[in-house]
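The sequence lines fix the lettering, A, B, ..., with proteins before strands; numbering per chain opens at 1.
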Amino acid sequence: MKSLAELAKIREEALKRVDLRTDRKGTRIVVGMATCGISAGARPVLTALLDEAQKRGLKEVEITQTGCIGVCRLEPIVEVYSEGQEKVTYVEMTEEKARRVIAEHIVNGNVVTEYTIGAADK
Amino acid sequence: MDFYRAHVLVCGGTGCTSSGSLTIEEMFNTALKARGLEKEVKVVRTGCFGLCEAGPICIVYPEGSFYSHVKMADVERIVEEHLLKGRIVKDLLYVDHANEARDITTSISEVNFYKKQKRVALKNCGVINPEVIEEYIAFDGYQALGKVLTEMTPQDVIDVIKKSGLRGRGGGGFPTGLKWEFASKSEGDIKYVACNADEGDPGAFMDRSVLEGDPHAVIEAMAIAAYAIGAKKGYVYIRAEYPIAVKRLGIAIAQAKEMGLLGTDIFGTGFEFDLEIRLGAGAFVCGEETALIASIEGERGMPRPKPPFPAVKGIFGKPTIINNVETYAVIAQIILNGADWFTSMGTERSPGTKVFALGGKINNTGLVEIPMGTTLREVIYDIGGGIPGGKEFKAVQTGGPSGGCITKQHLDTPIDFDNLTAIGSMMGSGGMIVVDEDNCMVDFARFFLDFTVDESCGKCVPCREGTKRMLEILEKITSGKGTLEDLDTLEQLAYSIKDSALCGLGQTAPNPVLSTLRYFRDEYVAHVVDKKCPAGVCQDLLQIVIGDGCIGCTACARVCPVGAITGEVKGQHVIDQSKCIKCGACIPKCPKKVIYKQ
């Protein structure tokens, strides 16, 4: 260890590995993964979300799964909880859509309206 | 680096390990792999969570779901339901003794046991993987060492520690800053820092848990201490009976060396520090600092008179500071957060927090860390969850074999160094053994004295001979042969040993006897005058009898291993007291419940 900067760099790297365990703010992405979700293909969606988040080195994003969200016919469902904003529910998700949600919504802050439950119900 | 969506923390402390947590960890890995989840969910082995009673413990983040008493058969369910489908397995969650509703305790932060705690020394225990230095660094590790080496002079460091009012957590409560100052002012080309990890107090295991769960905190603090006093070399004296702690500390030292956090020219400042582990063979007396020094030097572990104090003449005759593990565990945080942060917790004369090992007749056996000044009632009832089976609280022994008992009347005493001493006990290393109505206080004192007699090193007469005589008198009393004069002799012996023994072991050995005599003299009197043991513990003073209402079913006679019970079928049975060995096997057999101890 030659300098404080070096320590800071290691800390920065290491934080990424443990920040699930710290109290944190930020965005929470939840994938519905009950039987309905899984059979509709939620797993590839989840994997795509994880992969994309990792590629982009996203911090303060938590990706987790949940049980049945209730609208089984629209599975796979992905919900995004951001601080101080209303929850966004994406439905009938696919891998490609998941990657786009990360890119447009999570990174750039623009909700992908066409994938949301509101659009699907029309 | 993989992006994990969930972390499964499995406790790898000694308590959970002994109940199979390592197998459970392995099963998690296998089960995750079988479902192809190994790239999404990470299994982390951590140090002790503190609530050892509920082990093996697993916590799943980000939810913080707190699974207790996890069995091998449960692993599949947790993986299938929680980790694959995202449904928390509610019936496996920890149940709060104070609050039976399961769904309230889905998250660790909501458990009563943790709510009143303030974890400083145990900050990282149960949070990080102790075998990965990066995790420690992620939680601000080695920042304090960096700050000390680049921004502060040795005197600055000593001043901060002095100002924080930190007192040694090993038992004596000596101000740490003063100790460092003495050593820094001692003349000498070579100086040493040592860590006393020879935790011998029966029932105390906080040092072990810190070393197992957060070994780098101790390493970092020792480097800071070395800088403050001008030492280049440190020793951790730890008992070989703590294999997991020794192993993790060894790994931690190796990692710190590899990263250049130990060795030469640390942070490019020219400061050098190296650390070595010395294994002890587990003698209680080696926790005494002069005996510890002798043992590190390779001599027989025996104490010597003080002065000279170790700060003047310590390891190999050089100025040395010796601090306890728990003391070191808070140093880095004091440096980072400042002395004022530390004094904002606890009481005026005992700032900060203290870890206690709760044991004995208590629901939540485990480690608790509380701000000084918390009352015993809060510790035992709010955090500890009270006494099992709704039994009556009798006393709590603090300070192990060197301390004394605290009774119901002192339950509301705020815990700190001075208050505990004032009521005839002591802080000690923080063992807290709870005693209920079923414990006999004479037998309790005998137990601790038996321990100190065993552990006396034999160097000085008062301890070697005196404690042995005291034990003999106690054995005489518990076997029903004691007299009232014995109580006076016991007291007299106790005071002379306290005054004349060479080291802390002997000087404090009579404490359990003195404090039980002080608060439970009536129990002693019952033993010697009425020849009765009120709690029904002392075998020689008990009789098992069959009362009225015997229906002559012969169930008791059949189970008696020594044939002491006789009687006609369908007639009253009797126990021959000369044959009875008081095993009590007959008591649960009686369908009419008329067999009892008296």
Problem - Contact class of A/Ile38 relative to chain B, heavy atoms under 4.5 angstrom - result: side chain

Problem - Enclosure of A/Glu86 CD (heavy-atom neighbours >12, cutoff 6.0 Å) - result: no

Completion exercise
Value for CG (A/Asp51) from NZ (B/Lys39), rounded to nearest 0.5 Å, stands at 11.5 Å

Practice task
Flag the pair A/Arg43 / B/Leu37 as yes when at least one side-chain heavy-atom distance between them is below 4.5 Å, and no otherwise.
Solution key: yes

Exercise for the section: Give a yes or no on this: more than 12 heavy atoms of other residues, nucleotides or ligands lie within 6.0 Å of atom NZ of A/Lys55. Expected result: yes

Practice task
May I ask you to test the B/Met259-A/Ile10 pair for a side-chain heavy-atom distance under 4.5 Å?
Solution key: yes

Completion exercise
What one should report as the nearest heavy-atom pair of B/Phe267 and A/Leu4 is CD2-N, 3.8 Å

Exercise for the section: Enter the distance from A/Glu62:CD to B/Arg5:CZ here, rounded to the nearest 0.5 Å. Expected result: 11.5 Å

Handout entry: Side chains of B/Glu40 and A/Leu46 in contact at under 4.5 Å (non-hydrogen atoms)
Key = yes

Problem - Proximity breakdown for B/Glu81 and chain A, heavy-atom pairs closer than 4.5 Å - result: neither

Exercise for the section: Measure distances from B/Leu262 to the heavy atoms of chain A and classify the residue's part below 4.5 Å as side chain, backbone, both or neither. Expected result: neither

Exercise for the section: Answer yes or no: does atom NZ of B/Lys85 have more than 12 heavy-atom neighbours from other residues, nucleotides or ligands under 6.0 Å? Expected result: yes

Exercise for the section: Please round to the nearest 0.5 Å and tell me the distance separating atom NZ of A/Lys9 and atom CD1 of B/Ile137. Expected result: 12.0 Å

Exercise for the section: Answer yes or no: are there more than 12 heavy-atom neighbours, outside B/Lys232 itself, under 6.0 Å from its atom NZ? Expected result: no

Handout entry: Side-chain heavy-atom pair A/Arg11, B/Asp140 within 4.5 angstrom cut-off
Key = yes

